[in-house]
Amino acid sequence: MWKLHRSLCMISLLLLCSSATAKGSRGRGRNWLTLSGEPPIVIARGGFSGVFADSSEYAYRLAQLYAPNSQALCNVQLTKDGIGVCLADIKLDNASNINVIYSDRNSSYNVNGEQVIGWFSVDFTLDELALVNLQQNIYSRAPYFDGTPMPILTVKDVVSLKPHGLWLNIPYDEFFKQHNLSMSSFIVSASKSYTISYISSPEVGFLRSIGPRLRTGRTKLVFQVPRGDITEPSTKQTYDTLLLNLTFIKSFASGILVPKTYIWPLDSSYYLQGHTAFVTDAHKAGLEVFASNFANDASVIPYNYSYDPVNEYLSFIDNSQFSVDGVLSDFPLTPSAAIDCFSHMNKNDPIQAKFLIISSEGASGDLPSCTDMAYIKAVSDGVDILDCPVQVTSDGIPFCLGSIDLRQKTENAAMQFSNRIATNTDLNIKNGVFTYNLTWSEIQSLKPGMTNPYTNYNLFRNPKAVGGSFLPLSEFLSFASNASSVSGVLISIENAAYLAENQGLGVTDIVLDTLNKAGYNNRTTRRTMIKSSESAVLKKIKSSSSNYELVYEVDKNIRDISNDTILAIKTFASAVVVSKNSVFSSDGGILTSDTKVVPKLHDFKLPVYVSTFRNEYVSQAWDYFSDPYMEINTHVNYMEVDGVITEYPATASRFRRNRCLGYKTKPNYMTPVQPGGLLPFITKSSMPPAEAPEPVWTESDLAEAPLPPVRKRLPTLDTSNSSTSPALNSPNGQSRLVASSIFAIISTVCSAILL
C-alpha cells in the first residue's frame with residue numbers, strides 16, 4: 001500500500017512547480033571571483049533536507065525540482081554486507097526509526113576516539129535496513145512527513161534519480177576499516193559504473209589513498225574540515241594546524257570544504273567580524289573553497305543579515321574581494337536563486353514586479369520601530385509608502401508608534417513610569433504604560449527598543465540597535481516629503497472611538513488637522529493613504545474630505561468575504577488590507593488552499609495589501625521553504641496582491657528587482673509554490689490538528705456607531721524632568737534630523753562595505 005502512496009506523492013512532487021521547467025542560467029556570462037571564473041555551485045546536503053528527511057528520495061527529488069543545477073550530496077556509510085547507503089549521521093537513530101524497528105540492536109563503538117552508543121549501519125544488512133524509514137533529524141523542522149515511508153537509499157538509488165551531479169562525502173573511513181569494510185573499494189567500484197563529480201572526506205589518509213585509484217579528471221577530491229580544534233585521525237594534527245599548510249592539502253585535494261565561519265567569523269554577540277583571507281589564500285594555492293553549514297532556518301544567524309538568507313549567500317559569492325566556489329545548503333533553492341537572480345545587482349536595477357512596498361513602522365526588523373533611524377533606513381532600503389501608526393499624547397501631540405502601550409516599543413517605560421502602569425479592560429491590555437497618559441516631553445525621555453516577536457523561538461533582532469527618536473506626525477510628514485524616492489505615506493488610526501469617549505482625545509481630527517497644516521490635503525504627486533480597522537474613522541474622513549486614499553483593514557483572519565460586504569466597503573474605502581492568513585488557509589503551518597478573499601476584492605476593483613511580512617522563518621508557512629522571497633513571490637505572482645506591508649523593506653525591494661522575474665521562462669526557484677502542494681506527503685495520522693475554519697467577513701462586521709464626540713479632558717501636568725526637544729522643522733530640529741540621517745546613512749554604507 002505504501003508503494004501506491006509513494007507513487008502518488010512522486011506525481012504530486014512533479015506538480016509542486018507545475019509551470020516551472022526552466023533550469024536557469026546560474027549566473028553564466030557574469031564576472032565571478034571563483035577560482036575557475038565560473039558561477040559557484042550549489043551542493044544539496046542530503047537533497048532538500050530542510051524540508052524532507054535527509055537523503056530521502058523526496059529530498060533529492062525536491063532538490064532536483066527547485067535547484068536543478070545542484071550537486072546531490074550523499075553522506076556514504078557501509079552496511080554489514082558492504083553496500084554504500086546515504087545517511088545523515090553515523091548514528092542511524094538520529095535520522096530514522098531504526099530504534100523502533102530493531103529496539104534491541106544498539107551498540108557501543110569507538111568513533112574517531114569517542115565512545116558512541118546507538119544504532120550503526122555496520123550491524124545491519126541492506127535487506128534488514130529495508131524495513132527502516134528515514135525521519136527529519138532536526139527537531140525544529142516540520143515533523144509531519146515522518147509518518148510517510150521514506151526508505152534508506154543506496155548510492156546507486158541516488159544515481160538512478162539522475163541528479164545534475166553527484167557529491168559523495170566519506171566521513172568515517174577509519175571507522176569502517178575497523179569493521180573490515182573497505183570504503184576505498186566501494187568508491188573505486190562505484191566510479192567505474194557512474195560519474196562521481198566530487199568526493200569529500202575529513203580524513204587525509206583516505207583522500208591520499210583514493211586519488212591514484214580514480215580516473216584522472218572525472219572526480220574532484222575535496223578536503224572537509226568539520227571543526228578546527230579536533231584532531232584529524234590519520235595525521236593526528238588538528239584541522240586548524242593542517243590548514244596552515246595549503247600546499248600540503250593541494251598535494252591530495254583540489255578543494256577544501258570548511259564551515260562558513262572560517263570565511264566570515266562571528267564575535268561572541270553573533271555579529272560578523274571582517275572576512276578572513278582564507279578564500280584568497282586558498283585560491284592562490286590553486287584550491288577551490290566550498291562553504292558549509294548554510295540553512296535558512298538556522299537558530300543562530302548573524303544579525304548583519306537581517307534573517308535574510310539570500311543576503312547571507314551574497315556575502316560569500318558576490319562581494320568585491322572574493323567568491324567561494326560553492327555552498328553546501330539544506331535549502332538549495334535559496335542559493336540557486338542567489339546565484340542566478342540576485343547576484344551582481346544594485347539598487348538602480350529596473351523593477352521587474354509591480355507591487356507596492358509599504359513599511360511596517362519603518363524598517364522595524366532592523367531598528368527600533370517608528371524612530372527616525374528606522375524611517376531613514378526604510379527609505380534607503382527602497383520602500384514606496386512610508387507608514388506612521390498614530391498615537392496621541394496626553395497633551396494632544398500625534399506621533400508615530402505601533403502600540404498604544406509604550407512597554408511594547410521602549411526599553412524603559414515600565415521602569416521610568418512605574419507610577420503610570422495601569423490595566424485597560426477596554427483595550428484588553430494588562431499593566432500597560434499608555435501613550436495617552438504621558439506628555440510628549442515625557443515620551444521623548446524614553447529609549448526606543450527593538451521589537452522581538454519571536455523570543456519564544458530564541459530569535460532576537462539586532463540587539464545593538466540603539467539611538468533614534470520617535471517622531472511627531474508633523475516631522476514624519478516633513479521627512480516623507482523630502483524623501484524623493486518615497487511615493488506616499490500611510491497613516492494608521494486605531495482606537496479612535498475609545499480615545500474620544502474615554503480619554504478626550506479626538507485622534508481623527510488631530511490627524512486631519514496635522515495633514516492639512518503639512519499640505520497633505522491637496523497633494524497631487526504624493527499619495528496620502530489613511531488606514532483603519534474602524535469603519536467609523538474612514539466614514540468620518542470621507543464625509544469631510546475626498547483628498548485621501550482610504551484603506552480599510554480587516555483585523556481578523558478570514559476565508560471569504562461576501563459581495564454585499566465588499567460593496568459596503570467601497571462606500572468608504574478605496575483599498576483593503578488583509579492578513580497573510582486571509583490569503584492562504586493553513587493547518588499547523590502547512591498551506592491547505594488559497595482563499596477567495598483576494599480574487600473577490602479584485603473583482604470589485606479594490607487593491608489588496610497584505611500584512612505583515614517578516615524574514616524570520618517561523619513567520620512563514622513550511623511551504624515557503626523558510627525563504628522570505630518565496631513567500632513574497634507566492635503572494636505577488638500567484639495571488640497577484642497589490643502590495644506588501646513589511647518590517648524588512650530591503651528584502652521586498654531586492655525581490656522585485658531580481659533579474660529572474662524578467663526571464664521569458666522563469667527558473668523553478670523563482671516560481672510561486674502551489675498551496676496544498678505538501679499535503680500529499682503527509683499521512684493522515686501525521687496531519688497537523690485541523691484548525692477552526694476562519695470566518696466569512698460580512699456586513700455585520702462593518703457595523704459601527706459613528707465616532708462619539710470628544711469628551712472634555714482635564715489638563716495634564718508634565719511631571720518629567722526632561723526638557724521638550726525642538727521640533728524637527730525648527731533650525732535645531734532640522735539639525736537633529738540631519739545628524740541622525742547622516743549617522744544612519746554612514747551605518748548603512750558601513751554595513752554594505754562589510755558585506
Side-chain angles (χ1 to χ4, degrees), residues 351 353-360 383-387 389 487-494 527-535 537-538 542 548-586 591-614 619-621 624 628-647 649 651-653 655-656 661 672-673 675 694-699 701-702:
I351 291 174
K354 302 294 184 182
F355 65 94
L356 282 180
I357 299 175
I358 305 170
S359 67
S360 176
V383 76
D384 297 311
I385 305 293
L386 210 57
D387 78 304
S487 59
V489 295
L490 175 68
I491 310 301
S492 299
I493 300 174
E494 297 296 337
R527 302 175 69 170
T528 306
M529 307 164 75
I530 301 179
K531 173 176 72 72
S532 182
S533 63
E534 301 175 36
S535 61
V537 169
L538 301 181
K542 187 174 180 65
Y548 306 112
E549 294 183 47
L550 303 182
V551 182
Y552 179 62
E553 180 171 18
V554 180
D555 61 356
K556 295 180 181 179
N557 297 330
I558 60 174
R559 72 176 187 276
D560 201 353
I561 185 168
S562 69
N563 292 346
D564 289 341
T565 307
I566 299 174
L567 289 171
I569 290 173
K570 290 195 70 171
T571 64
F572 60 82
S574 58
V576 178
V577 170
V578 298
S579 67
K580 293 189 296 185
N581 288 337
S582 297
V583 180
F584 296 105
S585 297
S586 66
L591 296 183
T592 54
S593 65
D594 47 292
T595 72
K596 302 175 181 178
V597 175
V598 174
K600 277 192 170 183
L601 290 168
H602 279 168
D603 285 344
F604 284 83
K605 309 303 181 185
L606 281 172
V608 181
Y609 310 122
V610 181
S611 181
T612 303
F613 287 82
R614 293 166 171 159
S619 71
Q620 302 147 17
Y624 301 128
Y629 294 86
M630 181 60 79
E631 182 179 44
I632 295 173
N633 192 8
T634 303
H635 282 79
V636 169
N637 288 319
Y638 181 85
M639 290 302 288
E640 300 180 342
V641 304
D642 301 278
V644 298
I645 300 175
T646 175
E647 296 174 354
T651 297
S653 180
F655 167 77
R656 72 176 179 182
L661 292 176
V673 302
E694 305 293 359
V696 176
W697 203 245
T698 64
E699 280 190 274
D701 296 300
L702 300 177

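Model, not experiment: these values are computed from the prediction.
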For S359 and L386, indicate whether the former's side chain and the latter's backbone hold a donor-acceptor pair under 3.5 Å.
no
The criterion is side chain to side chain donor-acceptor pair (under 3.5 Å); which residues satisfy it with [X], sequence neighbours excluded?
{"X": "Y548", "result": "none"}
{"X": "Y629", "result": "D308, R654"}
{"X": "S653", "result": "R657"}

Could you list the residues that satisfy side-chain contact (heavy atoms from CB on, under 4.5 Å) with [X], not counting sequence neighbours?
{"X": "N581", "result": "N557, S579, S586"}
{"X": "S532", "result": "E494, E534, V537, L538"}
{"X": "T595", "result": "S585, V597"}
{"X": "D701", "result": "W697, T698"}

So, for [X] and [Y], which heavy atoms are closest and what is the spacing to 0.1 Å?
{"X": "P649", "Y": "I357", "answer": "CB-CG2, 4.0 Å"}
{"X": "A652", "Y": "F355", "answer": "O-CZ, 4.0 Å"}
{"X": "L606", "Y": "A573", "answer": "CD2-O, 4.0 Å"}

Using the ring centroid of each side chain, check whether F613 and H635 are separated by less than 6.0 Å.
yes
Which residue pairs satisfy the salt bridge (Lys or Arg N to Asp or Glu O under 4.0 Å) criterion with at least one member in residues 550-578, sequence neighbours excluded?
K531-E553, D560-K600
From OG (S487) to CG (L356), nearest 0.5 Å
6.0 Å
In Å and rounded to the nearest 0.5 Å, what is the CG to CE distance from N633 to M639?
13.5 Å
Who pairs with [X] by salt bridge (Lys or Arg N to Asp or Glu O under 4.0 Å), at least two apart in sequence or on another chain?
{"X": "D384", "value": "R656"}
{"X": "E631", "value": "K580"}
{"X": "E640", "value": "none"}

Sub-4.5 Å side-chain heavy-atom contact between P607 and Y609:
yes
Looking at residues at least two apart in the chain, or sitting in another chain, which of them share a ring-ring contact (aromatic ring centres under 6.0 Å, His included) with Y552?
F572
Can you tell me which residue among T612, I645, V644 is in a side-chain contact (heavy atoms from CB on, under 4.5 Å) with I358?
I645
